[in-house]
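One structure below.
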Amino acid sequence: MNNCSLISITDYSREDILDVLKSASRFEECPNNRLLEGKVVASLFFEPSTRTRLSFETAISRMGGRIVGFSDSSSTSTSKGESLKDTIKMVDNYCDLIVMRHPLEGAARFASEVASVPVINAGDGANQHPTQTMLDLYSIYKTQGRLENLEIVMVGDLKYGRTVHSLLQAMSHFSPVFHFISPRELEMPPAYKLYLDGLRIPYHEHRELDNVINQADILYMTRVQRERFADLLEYEKVKNVYVLRNSMLAGTKENLRVLHPLPRVNEINEDVDENKKAYYFDQARNGVYTRQAIIFKTLNLTW
Ligand code: CP
């Protein structure tokens, strides 16, 4: 196992988080460099992705590194029955760093135990998405000027949404107040509420968005994760339960920013896109700089 791996956001201390954010700012000023010259990064996506894969690959390319890998595991020997362990042991022979997305919770941790090179978790099932969280924190810091003492409203699929699980843990370093808005079927899992209880961080659960939107500094919208439902009839019942419309932003705080990890389906109406409080496309752009900073830290590079 390589101890530099990033599997869960809890692998990063408060200082690590601040260090990566500072470094991301430097990469935003200077994205094109040769810091990965001579390095090969394996990009293994066992589950679909647009932003995470392409922003990682952009980050690596802008740093002068080379990429091997796949975006569809059906074209690999996985389809012939090769195990994840054997796949990782092979890829480990070829590269300096593995970036992996997998549908099974715990798959990234398992890969990091098999590989000798570091592994970065690009999302494992409903569990964790730590690099998304780092770009979320970078976006929050850029728009609010601070991370401390913010009211964070999380909306939608809080049960299966791995981005809210990682974000909750990361923001816990910075004295937030959380509001969780979901249908009963998609509530924040008890393990995360216990985590907050242990840290004495306040959170409030609601069913309606209208009641709390005016208190928010950050409104973090999420998609209902169709692919995680065993019963699609259950998905149909809840898929459109919250839809943010431009008119709903009328009485909100001036500093409010609407974030979404994307992709969106129906949960943010397109009439929100032109509102200056809509930040989700800028948020996705921040993924390149943040992932450059994470790679920089993971490989212990120097400027
Ligand atoms: N936010 C996010 O993980 O998007 P992708 O699934 O497109 O990578």
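Whatever order the structure lists them in is the order used to number ligands and atoms, beginning at 1.
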Just by distance, no angles: are the side chains of S139 and N286 close enough, under 3.5 Å, to form a donor-acceptor pair? yes

Are any of the side-chain nitrogens in E113 or R109 under 4.0 Å away from the carboxylate oxygens of its partner? no

Does R264 pair with D273 as a salt bridge, N-O distance under 4.0 Å? yes

Ligand 1: protein residues within heavy-atom distance under 4.0 Å: S49, T50, R51, T52, R101, H129, Q132, P261, L262

Who passes side chain to side chain contact (heavy atoms under 4.5 Å, CB included) against T58, sequence neighbours left out? R62, V288

Going by the rule side chain to side chain contact (heavy atoms under 4.5 Å, CB included), which residues pair with R245 if we only count those two or more places apart in sequence or in a different chain? V243, S247, M248, N269, D271

Scan for side-chain hydrogen bond (donor to acceptor under 3.5 Å, both in side chains) pairs involving residues 89-98, sequence neighbours excluded, and state none if there are none. D92-S116

